Amino acid sequence: MSKLDYNKIGLKVGLEIHQQLNTSSKLFCNCPTQLSDEYQYTLERYLRPVLSETGEVDIAALFEWEKNKKYIYRLPAISSCLVECDEEPPHKMNEDALLIGLAMTLAFKGNPVDEIYVMRKTVIDGSNTSGFQRTSIVGLGGYVEDEEGVISIQTIAIEEDAARKIEGKTDSVTYNLDRLGIPLIEISTGPDIHSPEQAKRVALKIGQMLRLTGKVKRGLGTVRQDLNVSVAGGVKTEIKGVQELDLIPKIIEYEAERQLKLLEIKDELIKRGVNKDFILQNYTFKDITNIFANTQSKIINNELKKNGKVYGIKVPKFKGIFGIELMPDRRFGTEVSDYIKVFAGLGGLFHSDELPNYGITKEEIEKVKNELNVKEEDGFIIIVGKKEKLELAINAIKDRLLQALEGVPKETRAANEDGTTRFLRPQPGSARMYPETDIPPIRITNSILEKAKKIIPPTPEEKMKELLKLGLNEELAKQVLVSPRLDTFDYFVSKYSPKIPPTVIATTLENTIKYVKSEGGNPDLITEEVLDTTFNAIYNGEISKDSIAEILLHYSKNGGDIKSIIAQYQKLSDSELEKIIKEIISTNKNELLSKKDKAFNIVMGRVMSKVRGKAEGKKVAELIKKELENFT
Amino acid sequence: MLEGYRGLALDSLSSINADIGDQIEIIKNDMRLKGILMPSYSSTDDIVVIKLDNGYNIGISIKNAKIQLLQKRTQKYKNEEEKNLGKSEIKIISTGGTIVSKIEYETGAVRPALSAEEIIQFMPEINNLAKISAEILFSILSENMKPEYWTKIINSVKKAFDEGNKGVVIAHGTDTMAYTASALAFALKLSGPVILVGSQRSSDRPSSDSAINLYSSVLLAKEAPFGEVVINMHGESSDTYTIAHRGVKVRKMHSSRRDAFQSVNDIPLAKVLWQDNKVQLLRSDYIPKRDETEIVNSKFSDKVFLLKYYPGFSSDFLDYLIENKKVLGIIIEGTGLGHVSTELVDHIKKATKDGIFVGMTTQCLFGRVNMNVYTTGRLLQQAGVTPLEDMLPEVALVKLMWILGHETDQEKIKTLMLTNIAGEINPRHSIDLFPRWNYV
């Protein structure tokens, strides 16, 4: 796709950054913020949507509610208590989490609210045992500076993380309660971002500020970005759960493209004279199972074997529309297909712009067209499955087609790995929020603000000075400062420095991992735990720091047990080294005698080729010199 | 009305003629905050609470801030009228409590249901089980329950059965539910089951236990073969089944869990499997239904005291109760097998001589009193204390209130206290009647 002119199309992007906080206990109870797979007990629960005062149920909440879906909760002994089980009211809000929220508000130059009200945000997909997430705004306003302009901060909220999903089946979902209640900070920017690259920069910048507090969790799954994207004439679309920063520009690009294409479709439909009434009157469907009695299509045959039906839907004046590509490999037909996957539980659909294909023949198509009375300018859809599901699908498709007349539907979407997105659910309204009456309002006093001020993160300039002071050269310090591993660096420095010099730690994090990748290793395997084990072995004198690169490369290529790999690189003792040196000297005696002035270099080269990674060069040289002194 | 506001915030809001629900704007520092004015739960008087567009509430101090009214509230709540639902099979009597409370989404305040329809709205599926009618008797929190309200409930239950209902469900707060259950059990001879039900998680949350508890209770009221008062609540923390405990053998044993209610010294009457629409009886020796429901006195005396004995308890308290408060009966929650300090023996003797009934229960809750094992017990019996078998202290208290409501004869009082009227005395305790914890 060609690059878009983002100014011209009026791109607006807002970010919501969620980051787990590394507090000693959870937000509303005294459980540690620690994940654990060990459990002895489980609970089985059901959730029901609750009517609001006006008799309405929040649309997103209702959508999530699947009747009679059973939620199974695993209760890990070390990280869950009655509060996670929804069997005890929440305790007071964790003060450290609150302070981090206030400190970040101050760091962004925003305004802390004077009194904090904890709210319940209805979530009934089972990820919260209570059926709601507790969340509270602690700060408003403030800004982040970016080279393309200032980005406003709208709100800073402190909230609880959801339970960890283990598996989903058709009639039940299993969660682990370990993650439920871990404090999260949510930082929402205004829709002031105007280019995909800017979005990534701002996300990086906010992430860096969070890491600079030294109080956030590290590692995979501890940070999540949501994107709110719109173009002029489009609609703010929420894109959930982006874990990789590098994907942000692509997702935004694709989303902008999608909205533009949807707007084009809208214009085209209007041009063709399609309106709401026209669709409602001319959208017809029929049971066309008999046409496919002897079909070669595997997909259809599989469903027919399970007593499924085939329905054909005539979509007047839609010829060519379903085939319009909105994002790479995702057509308008795919968007419609998403709806029936989500609303009707069907696997997908066939549309007129992609047939004949999938084993459906031209003859079958002709029969379908005849049966449905499809004219030249019309489109059609074929769906297969259980009758009840098909009925649901017919309405879901109609709804989506009607929305095509408006352009971009109000959706919450999920990011795919390739940067495209898919429909997840309708967007929630404010009806899903009501006060958490179990927690009294929290007045932000001056003494609380004073405490918060003490943990305001240093500015990047201040941090830079600190890094230089640790002995990093300027280039390395700059690398560390912008690195997502900044807090990992701080952690290892506090744990292993000065015995392991900060420069070694920084080089490992910033350069060795890149080296591993360039050599064909998988850098994702090098987790903080792996690094910790490696540093620990250096700290204890078991291995030489020179062997870090080789150990990590070995591990990232082959996996396995890091401890046993480290064992292979165990440092040789002085006497073992001496033995090797003596052996090499004696087997090369003649050569050495003939080139006496080069003897050191020869021995050094041969010994090192044998002990590389297991001994430090300085030590080897020292020992060789000693041995050669006696050599005659 | 500006609910919860006072002082500075009240003055500011009154001055711009703002009401709860109005759109207002607060201008402070560099912020302009628009939102809906909410009631205040603040402990300070300078906070104004608004709901932002995104649904969040925040509190802003009105000090150094400007405030203005943007728009008056338009939306009005519907006030549903109570309709006559005609002849029913099951009657739901509401006395208040969490189970029939609704949240006002805008304010977060919890209020009791106002109409029969609202009660049925909590779980419309109950209409598939039976024809339901509902009555709002009162709307109180259960800690505010009084014996005179028990009398009203008793009359209401009698009326419900007289109208032809097969069973009665009573929505009640859980804190004092067991007391009400005992009162009903003693005062009513029943032609059908009376099910007391509540909830431990309020109805406004998707995870509330109220819907399943209510559904199971309607099912039980329709299908149970007994003419007894039971408390029907979650049987475990999971939403798997409910347990119908005999009203005179049950206690709330946990402050917050769904399965807080436990039978003590007894096996519950039934298990209700709501998903299978099935009532599984756990015992056959229940009190059967009678042809007609009868009230056996519905007056309760308030001249009764429940005394929990503890080391150092001063006999002055006892003397005070007798001389100043003119109590007619005392239930002692004694130690172990049924003891209090021997220093109290003479004071108790004086009381019983004056015609005050003194009964002994155990603060152990589990097990039976036996006042023959130790000398103290024998001395207390000689002083006129009546050992009350395995009766729970609260049950003995309610029973005595009920007896003293209609009986003055000393011997008859004692005989009635020891007569097993509603299953409150279990003469046989088997080995399985004591909960054990498994430590790994």
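Values in this document were obtained by computation on a predicted structure and should not be read as measured data. Below, chain A is the first sequence line, B the second, and so on; all start at residue 1.
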Participant: Can you tell which part of B:Arg258 gets under 4.5 Å to a heavy atom of chain A, answering side chain, backbone, both or neither?
Facilitator: both
Participant: Where does A:Leu82 contact chain B at under 4.5 Å (heavy atoms): side chain, backbone, both or neither?
Facilitator: side chain
Participant: If you compare all heavy atoms of B:Asn54 against all heavy atoms of A:Met433, which two are closest, and at what distance to 0.1 Å?
Facilitator: O-CE, 3.6 Å
Participant: In Å, rounded to the nearest 0.5 Å, how long is the span from CE of A:Met119 to CG of B:Asn57?
Facilitator: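 Output value for this atom pair is 3.5 Å.
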Participant: Does B:Lys66 have more than 12 heavy atoms from other residues, nucleotides or ligands lying within 6.0 Å of its NZ?
Facilitator: no
Participant: So which part of A:Gln154 gets closer than 4.5 Å to some heavy atom of chain B, the side chain, the backbone, both or neither?
Facilitator: neither
Participant: Do you know which of A:Pro441, A:Gly131, A:Ser130 has the most heavy-atom pairs with chain B at a distance under 4.5 angstrom?
Facilitator: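 Looking at each of A:Pro441, A:Gly131, A:Ser130 in turn, A:Ser130 comes out on top.
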Participant: Tell me if the CD atom of A:Glu145 is crowded by more than 12 foreign heavy atoms within 6.0 Å.
Facilitator: no
Participant: Under a 4.5 Å heavy-atom cut-off, does chain A meet the side chain of B:Asp30, its backbone, both or neither?
Facilitator: side chain
Participant: I need the residue from B:Gly59, B:Ser43, B:Ser256 with the largest number of non-hydrogen atom pairs under 4.5 Å to chain A.
Facilitator: B:Gly59
Participant: Using non-hydrogen atoms only, which part of B:Gln275 is less than 4.5 Å away from chain A: side chain, backbone, both, or neither?
Facilitator: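 Side chain only.
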Participant: Going from CG on A:Leu140 to CD1 on B:Ile58, what distance comes out if it is rounded to the nearest 0.5 angstrom?
Facilitator: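 CD1 of B:Ile58 is found 4.5 Å from CG of A:Leu140.
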Participant: With a 4.5 Å heavy-atom cut-off, do B:Asp239 and A:Lys70 have their side chains touching?
Facilitator: no
Participant: When rounded to the nearest 0.5 angstrom, what distance separates OH in A:Tyr71 from OG in B:Ser238?
Facilitator: 15.0 Å
Participant: Need one label for A:Thr129: side chain, backbone, both or neither, based on atoms under 4.5 Å from any heavy atom in chain B.
Facilitator: backbone
Participant: Could you look at A:Thr42 and say if it's the side chain, the backbone, both or neither that has a heavy atom under 4.5 Å from chain B?
Facilitator: backbone
Participant: Could you check if a side-chain atom of A:Glu115 sits within less than 4.5 angstrom of a side-chain atom of B:Thr44, using non-hydrogen atoms only?
Facilitator: yes
Participant: Hey, could you give me the CG/CD1 distance between A:Asp114 and B:Ile60, rounded to the nearest 0.5 Å?
Facilitator: 5.0 Å
Participant: Quick check: closest heavy atoms across B:Arg205 and A:Tyr434, and the distance to 0.1 Å?
Facilitator: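 Of all heavy-atom pairs spanning B:Arg205 and A:Tyr434, the closest is CA-OH, 3.9 Å.
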Participant: Check this for me: A:Lys12, atom NZ, are more than 12 non-hydrogen atoms of other residues, nucleotides or ligands nearer than 6.0 Å?
Facilitator: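 Not more than 12 within 6.0 Å, no.
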Participant: Whether the A:Arg45 and B:Ser207 side chains hold a donor-acceptor pair (N or O, under 3.5 Å, no angle test) is what I'd like checked.
Facilitator: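 The answer is no; no qualifying pair exists.
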Participant: Roughly how far, to the nearest 0.5 Å, is CD of A:Glu44 from CD of B:Glu236?
Facilitator: 7.5 Å
Participant: Should B:Ser42 and A:Arg443 be marked as a side-chain hydrogen bond (donor to acceptor under 3.5 Å, both in side chains) after you check the CA-CA gap, both sets of side-chain angles, and the distance that decides it?
Facilitator: CA-CA 8 Å; B:Ser42 184; A:Arg443 182 68 196 245; 5.3 Å; no
Participant: In a check of side chain to side chain donor-acceptor pair (under 3.5 Å) between A:Glu87 and each of B:Gln200, B:Arg201, B:His254, which one passes?
Facilitator: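 Exactly one pass, corresponding to B:Arg201.
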Participant: Under the side-chain hydrogen bond (donor to acceptor under 3.5 Å, both in side chains) criterion, do B:Tyr56 and A:Thr135 qualify, and how do the steps go?
Facilitator: CA-CA 8 Å; B:Tyr56 279 94; A:Thr135 174; 2.5 Å; yes
Participant: Is it true that the side chains of A:Tyr41 and B:Ser237 contain a donor and an acceptor less than 3.5 Å apart?
Facilitator: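 Judged by distance alone, the side chains do not pair up.
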Participant: Taking the side chain as every heavy atom from C-beta outward, state whether A:Tyr46 and B:Pro206 have any pair of such atoms under 4.5 Å apart.
Facilitator: no
Participant: Mind ranking B:Asn29, B:Leu33, B:Asp259, B:Asp46 by heavy-atom pairs under 4.5 Å with chain A and telling me who comes out on top?
Facilitator: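 Counting heavy-atom pairs under 4.5 Å, the top option is B:Asp46.
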